[in-house]
Amino acid sequence: MAGAKSYPFMWSDIIREFSDSPSQGRVARFLLENGFGVNGKGRITCNSIEIPATHIAKAIGTDRRVVDATARRILNAPPLREVFTNIRATPDLSQLTVPLGLSSITILPQDAREKGIVSAAVGVVSGKNLTIRQIFVTDPQLSEEPRLVIIVEGEIPGEVIEAIRKLPQVKQVIL
């Protein structure tokens, strides 16, 4: 966005912004975790498609008015407005591995702020000539439990799993 002020944004900013309203905080977190945004009219969107506030409210067990109030509050907070008016959802293939003939490996890092986690894991996978179809990384500043998910064509050989487990940056591997 040309001329727009850049705001540092972290999960802690959302917590702080909604510290006086845990129910609105839950709505904001749900929106962020699902890649849902807020348009200029204060409507919840997924890639510019409006989602009724009643649907969001039902999904998280709150009232539609809380969802609407959260959307208005987001629009009135410039750092949140910038994030939520520009966020986009992308397909997550990890739930489709079986029907698509894919496999996934989820890596929980020792310290998600450490550099080189993705390149180390991708190096192991590509070193075994596996075709990577998708890499999904949750941002350590926006997620309470950051993770790296690598989705490949076919099966993941045991030697790849063991090599990833041995990486110093890796706390846990989930198949």
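In what follows, residues are counted from 1 in the order of the sequence shown.
- Put simply, the side chain of Gln172 reaches to within 4.5 Å of the side chain of Ile174, judged on heavy atoms.
- In this structure Gln169 satisfies the side chain to side chain donor-acceptor pair (under 3.5 Å) test with no other residue, sequence neighbours excluded.
- Between Phe18 and Leu80, the shortest heavy-atom contact is CE1-CD1, 3.8 Å.
- No more than 12 heavy atoms of other residues, nucleotides or ligands sit less than 6.0 Å from atom CD of Glu155.
- Between Val38 and the choices Ile87, Leu31, Val83, Thr70, the side-chain contact (heavy atoms from CB on, under 4.5 Å) rule is met once, by Leu31.
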Just distance, no hydrogens or angles: give the donor-acceptor pairs under 3.5 Å from side chains in residues 95-107, sequence neighbours left out.
residue: Ser103; atom: OG; partner: Gly154; partner atom: O; Å: 2.5

Show your working on side-chain contact (heavy atoms from CB on, under 4.5 Å) between Arg29 and Val27 and close with a plain yes or no.
CA-CA 5 Å; Arg29 180 180 183 155; Val27 172; over 6 Å; no
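- The salt bridge (charged side-chain N to carboxylate O under 4.0 Å, His left out) contacts involving residues 113-123 comprise Asp111-Arg113, where partners must be two or more places apart or lie in separate chains.
- In the hydrophobic cluster analysis, where Ile, Leu, Val, Met, Phe, Trp and Tyr join through side-chain heavy atoms closer than 4.5 angstrom, Val122 is grouped apart from Val149.
- Applying the salt bridge (charged side-chain N to carboxylate O under 4.0 Å, His left out) definition to pairs two or more places apart or across chains, none involves residues 89-110.
- Both Val173 and Ile156 are assigned to one and the same hydrophobic cluster, defined by single-linkage of ILVMFWY side chains at heavy-atom distances under 4.5 Å.
- A distance of 13.0 Å separates CZ in Phe36 from CZ in Arg88, rounded to the nearest 0.5 Å.
- Interatomic distance, Ile60 CD1 to His55 NE2, rounded to the nearest 0.5 Å: 14.0 Å.
- In terms of heavy-atom proximity, Ala121 sits nearest to Leu148 at CB-CD2, 3.7 Å.
- For Arg165, the salt bridge (charged side-chain N to carboxylate O under 4.0 Å, His left out) partners are Glu162, not counting sequence neighbours.
- The hydrophobic clustering, which links ILVMFWY residues whose side-chain heavy atoms are closer than 4.5 Å, places Leu75 and Ile51 together.
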Apply the test side-chain contact (heavy atoms from CB on, under 4.5 Å) to residues Phe84 and Leu32: give CA-CA distance (whole Å), side-chain angles for both, the deciding distance (0.1 Å), then the verdict.
CA-CA 8 Å; Phe84 284 96; Leu32 190 61; 4.1 Å; yes
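- Shown here are the side chain to side chain donor-acceptor pair (under 3.5 Å) partners of Asn34, two or more places apart in sequence or in another chain: there are none.
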Give the C-alpha distance, both sets of side-chain angles, the deciding distance and a yes or no for side-chain contact (heavy atoms from CB on, under 4.5 Å) between Gln24 and Val66.
CA-CA 6 Å; Gln24 287 184 13; Val66 174; 4.1 Å; yes
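- The salt bridge (charged side-chain N to carboxylate O under 4.0 Å, His left out) pairs that include a residue from residues 19-28 are Asp20-Arg73, where partners are two or more places apart or lie in different chains.
- The side chain to side chain contact (heavy atoms under 4.5 Å, CB included) test applied to Ala53 returns Arg64, Val67, Asp68, not counting sequence neighbours.
- Scanning both residues, Val160 and Val124, for their nearest heavy atoms gives O-CG1, 3.8 Å.
- Across all non-hydrogen atoms, the minimal contact from Phe30 to Ala59 is CZ-CB, 3.9 Å.
- The two residues Thr62 and Ser23 come nearest to each other via the heavy atoms OG1-CB, 4.5 Å.
- For residues 118-135, the pairs satisfying side-chain hydrogen bond (donor to acceptor under 3.5 Å, both in side chains) are Lys128-Glu159, with sequence neighbours left out.
- With rounding to the nearest 0.5 Å, the separation of CD1 in Ile117 from NZ in Lys171 is 11.0 Å.
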List the atom pairs, donor and acceptor, that lie under 3.5 Å between side-chain atoms in residues 42-49 and the rest of the protein, sequence neighbours left out.
residue: Asn47; atom: OD1; partner: Ala89; partner atom: N; Å: 2.7
residue: Asn47; atom: ND2; partner: Ala89; partner atom: O; Å: 3.1

Between Ile164 and Val125, is a side-chain contact (heavy atoms from CB on, under 4.5 Å) present by the stated rule, with each step listed?
CA-CA 8 Å; Ile164 289 174; Val125 172; 4.0 Å; yes
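- Applying the salt bridge (charged side-chain N to carboxylate O under 4.0 Å, His left out) criterion to Lys166, with sequence neighbours excluded, gives no partner residue.
- If you chain together hydrophobic residues whose side chains sit under 4.5 Å apart, Val137 and Leu167 fall into the same group.
- Nearest heavy atoms, Leu108 versus Pro146: CD2-O, 3.9 Å.
- For Asp63, the salt bridge (charged side-chain N to carboxylate O under 4.0 Å, His left out) test picks out Arg65, with sequence neighbours left out.
- Grouping the Ile, Leu, Val, Met, Phe, Trp and Tyr side chains by contacts below 4.5 angstrom, directly or via other members, places Val170 with Ile132.
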